[in-house]
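Here the structure comes first, spelled out in structure tokens, and everything after it is commentary.
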Amino acid sequence: FGLNDGLVTTLVFIMAVSSLAPTRLLVVVLGEVLAGGVSMALGGYLSARTAKQVLDKRIETEHYEIVHEPDEERAELVNIYRNKGFSGALLDQVVGHLTSNRERWHRAMVHDELGIVEDTRTNPWLEGLQVGISFIVGGLIPTVPVILALPQVRWWAYGLTALTALLLGAIKARYTQQGPVRAGLEFLVVVTLG
């Protein structure tokens, strides 16, 4: 996300500003990349922190409900395991086993009701830093022609960004069901529309 945003934001910025401030273009573009990186880092931190707080609250709510509303929680667990195909004595045995220990019961509710397989909560500071650095790396790619003072800086910036988009799409294809050409072209279209 940060890398893509850095690519597109900086490319659009270079396209818009390159004719207005050609003598100070490098300073202006690097300022935009740094400002965008800081903004993305803070936004990533706040987003991750909020997601963690919401998840922590939901987990705590499950604990509260087990203690204060055990019949409702037991009924939820029965429905969850019934939907998984358990029935009759086996259903009663599974639910009985899970609810016989509050910690086990809580883990079952967190896993089966909230869908948390393991503790996947991340460090908000680390996530914010990762997004911010990704933005800066992405933003530096279209900045290379500005740093090198190449002629036709707009075309060079677009060309480097387009190549990067195609490469990122091909990398994305390794982790999805899309082919590398299609994934690369999808990234390229998004960059071009930007």
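One is the number of the first residue; the rest follow in order along the sequence.
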Hydrophobic cluster membership, [X] vs [Y], 4.5 Å side-chain cutoff:
X      : Y      : answer
Leu150 : Leu7   : yes
Val144 : Val137 : yes
Ile80  : Val110 : no

Leu30 and Thr143: side chain to side chain contact (heavy atoms under 4.5 Å, CB included), yes or no, with the steps?
CA-CA 8 Å; Leu30 290 177; Thr143 305; 3.9 Å; yes
Test Val78 against every option in Thr99, Leu91, Val94, Asp92 by the side-chain contact (heavy atoms from CB on, under 4.5 Å) rule and name the one that passes.
Leu91
Taking Thr164 as the fixed residue, which of Thr161, Leu166, Leu167, Leu168 is the one that meets the side-chain contact (heavy atoms from CB on, under 4.5 Å) rule?
Leu168
Can you find a pair of side-chain heavy atoms, one from [X] and one from [Y], that are under 4.5 Å apart?
X      : Y      : value
Trp156 : Val146 : no
His63  : Ile59  : no
Arg102 : Val67  : yes

Does the pair Ser87 and Tyr81 meet the rule for a side-chain hydrogen bond (donor to acceptor under 3.5 Å, both in side chains), with working shown?
CA-CA 8 Å; Ser87 63; Tyr81 278 85; over 6 Å; no
Please work out whether the ring planes of Tyr45 and Trp125 are parallel, tilted or perpendicular, with thresholds of 30° and 60°.
parallel
Can you give me the closest heavy-atom contact between [X] and [Y], atom names plus distance?
X      : Y      : result
Arg82  : Asn79  : NH1-OD1, 3.2 Å
Pro145 : Ala157 : CG-N, 3.5 Å
Gly169 : Ala183 : O-CB, 3.1 Å
Val33  : Gly139 : CG2-O, 3.7 Å

Residue pairs, two or more places apart or on separate chains, that pass salt bridge (Lys or Arg N to Asp or Glu O under 4.0 Å) and touch residues 70-81
Asp71-Arg74
What do the steps show when you test Arg49 against Gln53 for side chain to side chain contact (heavy atoms under 4.5 Å, CB included), and what is the final call?
CA-CA 6 Å; Arg49 185 166 190 262; Gln53 289 172 330; 3.2 Å; yes
Kindly check if the number of other-residue, nucleotide or ligand heavy atoms within 6.0 Å of CD (Glu69) is above 12?
yes
Check whether more than 12 heavy atoms from other residues, nucleotides or ligands sit under 6.0 Å from atom CZ of Arg58, and answer yes or no.
no
Non-neighbouring partners of Glu186 that pass salt bridge (Lys or Arg N to Asp or Glu O under 4.0 Å), sequence neighbours left out
Lys172
